[in-house]
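The block underneath contains the structure these notes are about, expressed in structure tokens.
As a basis for the values below, the full set of heavy atoms in this structure was taken, side chains included, without hydrogen atoms, waters or symmetry mates.
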Amino acid sequence: MITSLQNFISSKGKFVFVLLLFLVVVSFVLYLSQGSSVFDLIPDPNRERKEFYGYDWNDPDQRRSLSIANRVAADFGSVVSPGEEVLQTAEEDYLQNLQGRMQAAFQGGEAEMDRDALQQMFSYMQAWPNFPNDMKAREIARSGNYGQDFLQAVIEYKVALAGQADSWGLMPLHLNHPAINSRFAEYLNGLAPGMDVEENRTRALSFVGSRHGVSGRDAESILYDSFRTRQVERIYLDSGYALEEEVRADLHTGQFAWDGEVAKLRADDLSFQQPAWRVMQIKSLPKVNESINVKYGSNERRFIFVKSPRDENGTTRFVSLGKALPEFRKNLQSALNGEDFGFECKPQEKNSLALIPKPDRLPLNTPSISSTSKQVVLVDGMSAKLREFHNERKVESPFAKLPRTFASATIFSSAKFLTEPGVPDEARLRSYFERNQLDFTKPAPTEPSNDGNNSTVVEKTVSQTFEEAREEVSKRVIARDKEDARRDADLQARDAALAFLDKLNGLRDKLRSKYSTFNELRNSAELASMIEDAGARAQKISFSREEMGTQAMVLGLERRESERRANREPLEEVENLNERMFFTRSVRKSRQGYVVFILDHKTPQQPGSYEDAKFSDLYRGYTAEAAGKYFSDQIDAVLAKLQAKNKKPEKPGNLRLFKTVAKSPALARAGFDAKARTLGGRIQKVEEERQLLTSADANASGNQTKIKKLDDLLKSLRQKIKEGDEERAAIMGLLETAQTLTVDGNWQELERNGEEATFVRLTQVYSLISKESTEEAITQRRVALEAKRGQASRELILGDLVSAGLGSSR
């Protein structure tokens with residue numbers, strides 16, 4: 001065929017060749033272009049029709065036509081409000097755009113600022129939350145500041161409503177009735193005043209239609225279709241209904257005030273005692289030279305009991321027995337605390353000392369302590385508790401043995417392919433010198449100057465001869481040769497790894513069909529032979545998820561750019577291997593060369609052993625659980641005391657009490673805001689006064705005393721602000737949940753967590769408005785309540801219609 005084409009071209013000459021070249025270029029440009037091309041005009045036989053209320057949703061032409069029609073209607077503000085979620089997103093973008101315009105106006109300077117326009121825009125933004133959804137959608141549509149999601153949702157709702165109008169036979173497009181025409185003109189006039197006049201309407205329709213490539217008559221049809229869908233939508237919006245008694249009750253919602261009390265109990269305020277690691281019971285004075293040995297973390301000490309004090313000796317400490325047991329116990333406590341082990345030695349009853357670990361100094365390994373004296377007995381009350389605690393949680397983190405991945409790193413070392421370069425010959429050295437002669441210079445000889453001036457001397461240089469620069473030239477050429485050799489070795493190692501990976505990929509299916517289990521496949525002679533023939537070195541590795549980073553550093557693996565951006569570890573690729581895909585799909589650069597990982601096996605998460613558990617995890621977990629149980633018990637005890645008499649209780653622990661009288665959330669919030677403003681103003685005045693004293697002369701007579709008084713006052717005022725914030729949080733928590741509580745004067749638990757518990761009681765409730773509402777108030781509230789319910793019904797119905805029409809494609 002090629003020969004025939006050549007003969008044809010040669011016979012027809014250059015004209016045919018140019019024509020063929022032009023055809024090929026145009027075809028490929030159209031094919032590779034990102035936008036639409038001539039191929040889009042060819043019907044796609046594989047496209048399946050998707051019916052959606054009379055439209056083929058998979059037809060790009062019909063979708064494009066709907067989009068244009070919606071944009072024409074949007075310019076007039078005649079759009080259907082989308083779903084609540086889509087509208088909320090569009091609102092945020094719209095308001096951000098308005099804020100950006102206001103900021104740009106302020107940045108433009110005083111001369112270019114239109115204050116009236118800015119004031120109108122600010123008032124408009126303040127009133128925005130009170131606009132109904134259809135008005136918000138209209139304003140967003142008119143602005144043109146909306147995204148594809150808004151446009152898509154509006155089109156879907158519009159088509160669904162138009163489908164309902166068609167199924168009902170509601171005001172079809174071909175119907176020409178004076179009453180309908182009159183209502184349509186009123187609708188247009190509501191969109192833009194003056195549209196009910198035919199001349200104005202024709203001019204506006206032609207202008208907007210020309211912007212989107214449609215005629216004025218087509219634009220009028222688009223608006224009429226929107227008018228029809230609006231009538232269907234009104235039916236859905238009018239579906240809300242409210243009973244009169246329901247409206248009366250709703251009028252009083254949020255119109256109540258209460259008398260009540262709040263009691264708060266914090267875990268930090270309770271005297272929870274950390275459990276002791278060991279307890280030393282001192283029965284009587286021990287004998288001279290008896291001792292105890294302590295190993296806690298990296299510290300190890302021996303404490304020898306002596307008659308009189310001695311200086312320390314290395315890791316040995318001497319503890320004076322004293323004259324009586326209390327003195328000895330005090331000396332031993334002081335000696336243990338003086339070593340900064342990481343635990344605190346505290347006295348207990350019956351001449352005992354408790355060793356209590358510090359939470360921030362817990363050792364990883366279990367500490368140990370022993371005594372050579374029968375008079376100093378060590379009581380271990382923790383080991384059994386820690387073992388029981390571990391036994392209940394040995395399958396949970398951090399005590400469980402984490403899943404591990406075992407793999408073989410098949411390393412193709414660059415050093416294996418490295419060839420040391422030979423000594424460069426004379427000709428190469430001279431050639432390098434000639435090409436880079438400007439790099440080889442030496443200081444030029446200087447002549448002494450007798451002009452007597454202290455001018456700056458500029459050092460001059462002259463070029464070296466080849467013989468003078470021979471040694472430096474040789475070093476540079478050898479260094480370049482070595483770098484080239486390393487680069488070539490690196491490329492050869494990569495090529496070898498890629499070739500091995502290609503063979504491994506070809507062998508995979510054969511191995512899987514030959515061996516029934518992955519263990520047999522992995523240990524097969526064929527795979528072992530392939531690794532050996534490739535000349536790679538297989539290094540066994542194993543790691544858990546926590547050890548990925550360390551193992552990667554040991555292997556010297558480099559992170560890829562995508563891994564750096566996503567903060568992923570290189571060995572995550574190896575962790576994701578399985579028995580079907582048991583080797584990595586690409587080679588990876590390492591410190592030694594290039595690596596292909598092959599999975600050996602994986603172990604699942606298993607129960608951990610007590611011996612392998614870290615003492616810090618055991619003690620910290622046990623203590624947290626004990627503290628939580630202690631706090632819970634205290635909460636139950638406090639609540640029982642509160643409910644016993646339903647009066648102000650005796651303070652169990654540090655119970656904080658707050659009281660409110662005849663306050664609603666709004667009234668309480670306003671009161672707290674006023675107090676905060678007053679305190680803030682006082683703090684500002686005191687700070688200004690202090691600044692004046694400091695600026696004048698802080699060391700002047702009497703100024704230091706005044707500054708000290710002002711500092712104390714500032715501290716007191718800031719403490720009041722802190723207390724006010726605490727009271728505000730407590731009272732507002734009560735009032736905002738008051739409608740769910742019973743007004744009977746009885747205490748009840750409102751909230752409990754690991755840090756705080758809240759108890760509340762309500763003693764009186766007041767109505768802030770008259771019990772009998774006016775007819776006007778009832779009517780206004782009914783309209784608002786029914787509109788809200790109608791909007792919810794409309795959302796539900798249209799959502800179901802769109803979902804039913806789109807089916808599984810939604």
Side-chain angles (χ1 to χ4, degrees), residues 400-418 486 488-564 566-606 608 612:
K401 289 184 179 179
L402 297 176
R404 296 191 69 83
T405 300
F406 294 80
S408 296
T410 310
I411 303 173
F412 293 83
S413 176
S414 299
K416 183 177 180 181
F417 299 92
L418 181 63
R486 283 194 293 269
D488 291 341
D490 201 50
L491 291 175
Q492 292 182 54
R494 187 195 63 181
D495 292 342
L498 289 171
F500 171 76
L501 186 61
D502 185 55
K503 291 180 181 179
L504 185 58
N505 193 56
L507 184 64
R508 179 188 58 176
D509 293 335
K510 295 180 182 179
L511 293 176
R512 286 173 54 190
S513 61
K514 182 176 180 180
Y515 297 101
S516 58
T517 66
F518 176 73
N519 188 46
E520 293 176 348
L521 181 154
R522 182 63 187 87
N523 296 311
S524 63
E526 294 92 332
L527 188 56
S529 176
M530 176 181 289
I531 296 174
E532 184 178 355
D533 294 342
R537 178 173 62 84
Q539 179 178 337
K540 297 290 184 180
I541 64 170
S542 71
F543 57 89
S544 64
R545 174 161 284 275
E546 293 179 348
E547 300 168 349
M548 279 184 182
T550 304
Q551 183 63 67
M553 291 176 61
V554 171
L555 293 172
L557 299 179
E558 294 183 2
R559 278 192 180 187
R560 295 165 179 157
E561 183 60 33
S562 60
E563 291 170 340
R564 279 195 291 269
N567 194 26
R568 296 199 313 269
E569 292 292 341
L571 288 178
E572 285 187 26
E573 182 183 12
V574 183
E575 186 189 41
N576 292 329
L577 295 177
N578 52 56
E579 294 184 357
R580 287 188 61 84
M581 178 48 64
F582 58 89
F583 56 89
T584 50
R585 302 301 301 270
S586 59
V587 299
R588 183 175 286 277
K589 185 74 173 70
S590 74
R591 187 187 305 111
Q592 301 178 48
Y594 287 86
V595 186
V596 175
F597 291 94
I598 303 176
L599 178 67
D600 293 338
H601 65 278
K602 291 184 176 182
T603 57
Q605 182 165 305
Q606 299 173 348
D612 293 335

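Taking the side chain as every heavy atom from C-beta outward, Asp488 and Phe417 never approach each other to under 4.5 Å. For the pair Asp612/Lys401, a side-chain contact is recorded, criterion being any heavy-atom separation below 4.5 Å from C-beta on. When side chains are defined from C-beta on, Arg537 does not count as touching Lys416, because their heavy atoms never get closer than 4.5 Å. In this structure the side chain of Gln539 never reaches within 4.5 angstrom of the side chain of Val595, judged on heavy atoms. Side-chain contact check for Arg591 versus Leu555: every heavy-atom pair is 4.5 Å or farther apart. At a threshold of 4.5 Å between non-hydrogen side-chain atoms, the residues Thr550 and Phe543 do not count as touching. You'll find the side chain of Arg508 reaches within 4.5 Å of the side chain of Met581, heavy atoms only. Side-chain contact check for Val574 versus Met548: every heavy-atom pair is 4.5 Å or farther apart.
Ring orientation note: the planes of Phe412 and Phe500 are tilted relative to one another, at an angle of 30° to 60°.
Closest approach of Ala489 to Ser414, counting heavy atoms only: CB-O, 3.3 Å. For the residue pair Tyr594 and Ala497, the shortest heavy atom distance occurs at CB-CB, 4.0 Å. The minimum heavy-atom distance between Leu402 and Gln605, with the atom names listed, is CD2-OE1, 4.1 Å. The two residues Glu569 and Gly549 make their nearest non-hydrogen contact at OE1-CA, 3.5 Å.
Atom OG of Ser586 sits about 4.5 Å away from atom CD of Glu573, to the nearest 0.5 Å. To the nearest 0.5 Å, atoms CG (Asn505) and CZ (Arg585) are separated by 5.5 Å. Annotation: the span from Asp502 atom CG to Leu507 atom CG amounts to 11.5 Å, rounded to 0.5 Å. Here Ile411 contributes atom CD1 and Ser590 contributes atom OG; the two are 6.0 Å apart, rounded to the nearest 0.5 Å. A distance of 9.0 Å separates CG of Asp600 from CZ of Phe406, quoted to the nearest 0.5 Å. Taking CD of Glu563 as the start and CD of Glu572 as the end, the distance is 7.5 Å to the nearest 0.5 Å.
In Met553, the CE atom is not crowded: 12 or fewer heavy atoms of neighbouring residues, nucleotides or ligands sit closer than 6.0 Å. For Arg564, the CZ atom counts as densely surrounded, since its 6.0 Å shell holds more than 12 non-hydrogen atoms of other residues, nucleotides or ligands. Atom CD of Glu561 has more than 12 heavy atoms from other residues, nucleotides or ligands within 6.0 Å. Around NZ of Lys602, the count of heavy atoms belonging to other residues, nucleotides or ligands within 6.0 Å exceeds 12.
The pair Lys510-Glu526 does not meet the salt-bridge criterion, since no charged nitrogen lies less than 4.0 angstrom from a carboxylate oxygen. Salt bridge Arg404/Glu547: present, at least one basic N to carboxylate O contact under 4.0 Å.
Shown are Leu501, Leu599, Leu577; of these, the side-chain contact (heavy atoms from CB on, under 4.5 Å) with Phe583 is made only by Leu501.
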Under the criterion side-chain contact (heavy atoms from CB on, under 4.5 Å), I'd like the reasoning laid out for Ile531 against Leu504: C-alpha separation, chi angles, the key distance, then a yes or no. CA-CA 9 Å; Ile531 296 174; Leu504 185 58; over 6 Å; no
Evaluate Ser408 against Arg522 for side-chain contact (heavy atoms from CB on, under 4.5 Å), listing each step before the verdict. CA-CA 11 Å; Ser408 296; Arg522 182 63 187 87; 3.0 Å; yes
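A distance-only check finds a donor-acceptor pair linking the side chain of Arg588 to the backbone of Glu558 [under 3.5 Å]. Judged by distance alone, the side chain of Thr405 and the main-chain N or O of Glu575 form no donor-acceptor pair under 3.5 Å. Checking side-chain atoms of Lys503 against main-chain N and O of Ala534 turns up no donor-acceptor pair under 3.5 Å.
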